[in-house]
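This report refers to the structure that appears directly beneath it.
Below, each value reflects all heavy atoms present in this structure, side chains not excepted, and no hydrogens, waters or symmetry copies. Remember, it's a predicted structure, so these values are computed and weren't measured experimentally. Numbers restart at 1 for each chain; the letters A, B, ... are given by sequence-line order, proteins then strands.
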Amino acid sequence: MICGWAGKTWEHTRYIFNGGRNRGMTVLTRMRETLREEIRRAVLSAGLATEENIPEVELEIPREKAHGDLATNMAMKLTRIARANPREIAARIVERIDREKGRICDIQVAGPGFINFFLDRSFLTEVLEEIRAAGTRYGCSDVGGGQRVNVEFVSANPTGSLHLGHARGAAVGDSLCNILEAAGYDVTREYYINDAGNQIRLLALSLEARYLEALGKECEFPEDGYRGQDIIDMARDLVQQEGDSLLSLDREERLARLREFGLKRMLEKIRRDLERYRVRFDVWFSERSLYESGAVERVLKELDEKGYTYEEDGALWLKSTAFGDDKDRVLVKGDGSYTYLTPDIAYHRDKLNRGFDRLINIWGADHHGYIPRMKAAIAAQGYDPERLTVLVTQMVKLFQGGELVKMSKRTGKAVTLEELMDEVGIDAVRYFFVMRSPDSHLDFDMDLAVSRSNENPVYYVQYAHARIQSVFRQAEERGLSPAGDPETLSLLTEEQEYELMQALAAFPDEVAGAAQQLTPHRVVRYLHELASLFHSYYRAHRVIGEDEKQSRARLALLAGVAQVLKNGLTLIGVNAPDRM
RNA sequence: GCGCCCGUAGCUCAGCAGGAUAGAGCAGCGGUUUCCUAAACCGCGUGUCGGGGGUUCGAGUCCUCUCGGGCGCACCA
């Protein structure tokens with residue numbers, strides 16, 4: 001789910017897109033812009049609409065080949081404005097289009113009033129040169145216009161190892177960041193460390209119990225304590241390091257020592273797991289630092305001064321209902337301690353003050369109810385709540401042996417990210433999590449991923465890349481290199497070659513679209529489609545054949561496909577192997 | 001009871017601000033290799049797009065009601 005911003009972002013980027021120079025645009029984009037302008041001009045000169053009421057020109061690649069290379073629904077959109085039937089309108093537009101200018105071979109009016117354009121395809125080989133020149137940068141654009149975006153994700157409590165749910169958030173978050181960066185946004189990846197408050201105290205208590213246990217002492221395990229194996233291991237290590245020396249400390253001092261020890265160890269583990277998962281953060285933001293800097297106090301004071309707080313039943317409340325929340329929220333509890341919300345308000349204020357145009361938080365579905373109060377808190381401080389977008393990832397269900405594996409953090413029974421990486425492999429795990437829309441509930445079939453890994457779609461895409469590299473190894477042996485001159489490339493006249501080049505040309509748009517709509521799974525679907533086009537082509541046509549020129553032209557095509565596959569896989573944090 | 005997400009082929013899911021005949025993977029059946037990787041390719045689908053109503057040239061997509069599933073509704077985090 002995406003809250004807010006979608007509309008604004010679109011307009012913003014659209015403006016930049018239209019206003020920008022052709023720098024970085026592919027042939028396809030340039031063709032489309034030219035055609036867009038041409039249609040606009042035709043509509044105006046035919047008197048079908050005025051500058052004021054002309055609808056935006058939409059040009060899409062039709063699903064059906066018979067419907068041409070590009071199509072517009074302009075005539076249908078004009079029915080009300082021009083008060084005529086769409087096919088008639090379409091005919092009037094068509095007769096005013098300059099075919100020469102748009103590099104158009106044919107124009108047809110079809111169906112309810114679509115105008116289908118059949119383009120001169122020879123221009124498309126230019127995309128191969130564009131890819132070669134851009135290399136790993138191909139796919140990048142500047143639709144983001146350098147907008148500063150903070151993406152906060154994972155942010156798991158440092159009270160246990162990362163598990164399945166975090167793995168999804170991490171894969172989606174990191175991929176989204178890569179995509180945003182490629183689309184020209186200035187991205188900061190951030191992890192909020194809950195190193196203050198109740199759960200950390202509970203960590204210390206749990207660790208204490210395990211510590212005593214390891215020393216052979218009887219003790220009662222805290223009621224809501226963390227029962228994970230990692231804490232047992234940690235206690236054992238502590239005994240190794242410190243022996244029973246913590247026993248002689250007084251209780252509070254011992255707990256403080258345990259807290260620091262546990263926190264440090266947990267964060268190290270989390271960081272290590274994420275690093276291996278290919279996720280790296282720019283900022284690790286400590287909750288505790290908000291207390292130490294006085295930021296929490298300042299926020300409370302300011303909310304109070306603005307009159308958005310009140311006392312009742314011995315607690316301090318935020319009037320979040322004044323900003324769309326369905327009930328008011330406690331900031332300071334009866335016992336004087338803060339709720340989770342309070343430092344979180346200070347945290348979001350800090351992020352906004354750091355100059356980000358936009359904040360994106362990636363939360364698990366179990367926290368979605370928290371969104372309205374966070375937005376309300378931002379609004380109460382006088383900021384536009386639309387600057388915050390919360391992307392919610394739905395729950396992951398794990399299936400093993402055909403059965404649902406129940407997970408509970410309480411009992412520590414959960415599949416960890418570490419286990420997942422060990423058993424399934426990083427490429428497959430990341431691909432699997434980014435493959436689906438964050439909105440969809442995800443069934444993770446462990447057996448399928450583990451035992452029959454060739455069924456995993458990630459290999460389909462990777463294999464396409466490996467195959468191409470294999471062809472290149474053989475081409476090299478024969479002294480064949482990819483062609484670069486337009487004349488040789490003009491030998492690429494097969495239908496499938498055209499389709500491949502068209503797909504390659506669409507890649508930057510695809511990445512930009514995924515960035516604007518915050519939908520990393522779109523990149524995965526694109527890659528699968530491209531791999532599919534390639535496999536099909538590869539099977540039907542020999543790349544290295546008798547005709548040297550044709551071979552070199554096809555090698556150029558393959559070089560483009562390999563580069564785009566690699567660039568796309570990199571965006572989602574998956575390797576593009578040269579051999580499989 | 002209220003809020004959010006989901007409901008599309010046997011299963012798992014796409015469907016990109018409403019556009020032409022709704023797609024893919026898996027599973028199933030049948031084919032393909034004197035040839036650059038068969039982890040591949042080709043062929044085979046009778047889908048009430050959960051259901052009703054509405055909006056318009058046009059609805060899987062938007063609105064409304066309704067049914068089913070998930071997740072939340074703390075002075076927990």
Side-chain angles (χ1 to χ4, degrees), chain A residues 1 3 6-7 10 58 60 62-64 66-67 71 73 75-77 79-80 85-86 110-114 116 157 159 194 197-200 202 224 312-317 326-327 329-341 344 364-372 392-395 397 435-443 445 448 452-460 462-464 466-475 478 509-510 513-514 516-517 519 521-522 524-526 528-529 531-532 534-545 551 554-555 558 579-580:
Chain A
M1 183 194 63
C3 292
W10 182 264
E58 282 178 54
E60 59 166 27
R63 224 193 304 272
E64 293 289 325
H67 296 148
N73 57 357
M76 277 115 82
K77 287 172 95 173
T79 46
R80 230 169 312 162
N85 88 58
F114 286 99
N116 297 332
N157 285 341
T159 54
N194 296 116
N198 207 21
Q199 75 285 352
I200 288 299
L202 213 49
D224 294 324
E312 194 174 290
D313 302 329
L316 185 73
W317 296 72
D326 54 0
K327 54 181 84 161
R329 305 293 170 179
V330 171
L331 294 170
V332 183
K333 299 185 238 176
D335 66 2
S337 65
Y338 300 127
T339 61
Y340 181 82
L341 178 64
D344 215 10
D366 51 344
H367 287 85
H368 73 263
Y370 195 78
I371 297 169
V392 174
T393 60
Q394 293 300 322
M395 295 289 155
K397 280 189 201 166
M435 186 168 63
R436 302 282 160 72
S437 155
D439 265 343
S440 86
H441 302 246
L442 181 60
D443 289 346
D445 189 332
L448 193 78
R452 305 177 68 183
S453 57
N454 61 324
E455 283 173 8
N456 196 308
V458 67
Y459 297 109
Y460 184 80
Q462 288 184 319
Y463 183 53
R467 263 185 153 176
I468 293 172
Q469 297 312 320
S470 171
V471 173
F472 275 114
R473 283 190 291 272
Q474 299 190 36
R478 299 188 195 197
D509 278 0
E510 209 62 41
Q516 288 167 340
Q517 295 172 30
T519 50
H521 70 283
R522 269 186 64 178
V524 176
R525 304 208 66 93
Y526 168 84
H528 192 273
E529 178 65 27
S532 171
F534 165 72
H535 282 308
S536 188
Y537 170 69
Y538 180 87
R539 187 73 184 174
H541 303 282
R542 272 199 74 82
V543 174
I544 301 172
S551 300
R554 289 181 171 176
L555 283 171
L558 260 60
R579 284 190 170 81
M580 282 175 73

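Side-chain proximity of Gln517(A) to C36(B), C16(B), C13(B): nearest is C16(B). Taking every side-chain heavy atom of His441(A) into account, C6(B) is the closest of A14(B), C6(B), C36(B). With A38(B), C5(B), A14(B) as the choices, the nucleotide that has an atom nearest any side-chain atom of Tyr538(A) turns out to be A38(B). Nearest to the side chain of Glu510(A), among A77(B), C16(B), C6(B), sits C16(B). Of the candidates C42(B), A20(B), C13(B), A20(B) carries the atom nearest the Ala110(A) side chain, counting heavy atoms from C-beta on. The nucleotide whose nearest atom lies closest to any side-chain atom of His368(A) is, among C13(B), C36(B), C71(B), C71(B). Set against A40(B), A24(B), C57(B), the side chain of His528(A) has A24(B) as its closest nucleotide. In this structure, of G23(B), A20(B), C41(B), it is C41(B) that holds the atom nearest to the side chain of His535(A). The side chain of Gln394(A) approaches G70(B) more closely than any other nucleotide in the set G70(B), C36(B), C75(B). Distances from the side chain of Ser440(A) to the nucleotides U32(B), A39(B), A14(B) place A14(B) closest.
Dashed line: the shortest gap from a side-chain N or O of Arg539(A) to OP1 or OP2 of C36(B) is not under 4.0 Å.
Annotation: of the two residues near RNA chain B, Tyr338(A) and His521(A), the 5′-most nearest-nucleotide partner is His521(A). Mapped onto RNA chain B by nearest heavy atom, Arg478(A) and Leu341(A) fall at different nucleotides, with Arg478(A) at the one closer to the 5' end.
Across all strands shown, G31(B) is found opposite C41(B) as a Watson-Crick or G-U wobble partner, with both distances under 3.5 Å. The partner of C26(B) is G10(B), judged by Watson-Crick or G-U wobble contacts that both fall below 3.5 Å. Using Watson-Crick or G-U wobble geometry with both donor-acceptor distances under 3.5 Å, C73(B) finds its partner in G1(B).
In the interface, the side chain of Asp224(A) is not paired with the base of A77(B) through any donor and acceptor atom under 3.5 Å apart. Judged by distance alone with a 3.5 Å cut-off, a donor-acceptor contact links the side chain of Asn73(A) to the base of G19(B).
Nucleotides G7(B) and C49(B) place their C1' atoms 9 Å apart, quoted to the nearest Å.
Contacts of Ala466(A) with the nucleic acid, taken as non-hydrogen atoms under 4.0 Å apart, include base atoms. Counting non-hydrogen atoms under 4.0 angstrom, Ala475(A) reaches nothing in the nucleic acid. Asn85(A) comes within 4.0 angstrom of no nucleic acid atom, judged by non-hydrogen atoms across all strands.
The six-membered or imidazole ring of Tyr460(A) lies near that of His528(A), with a centre-to-centre distance under 6.0 Å.
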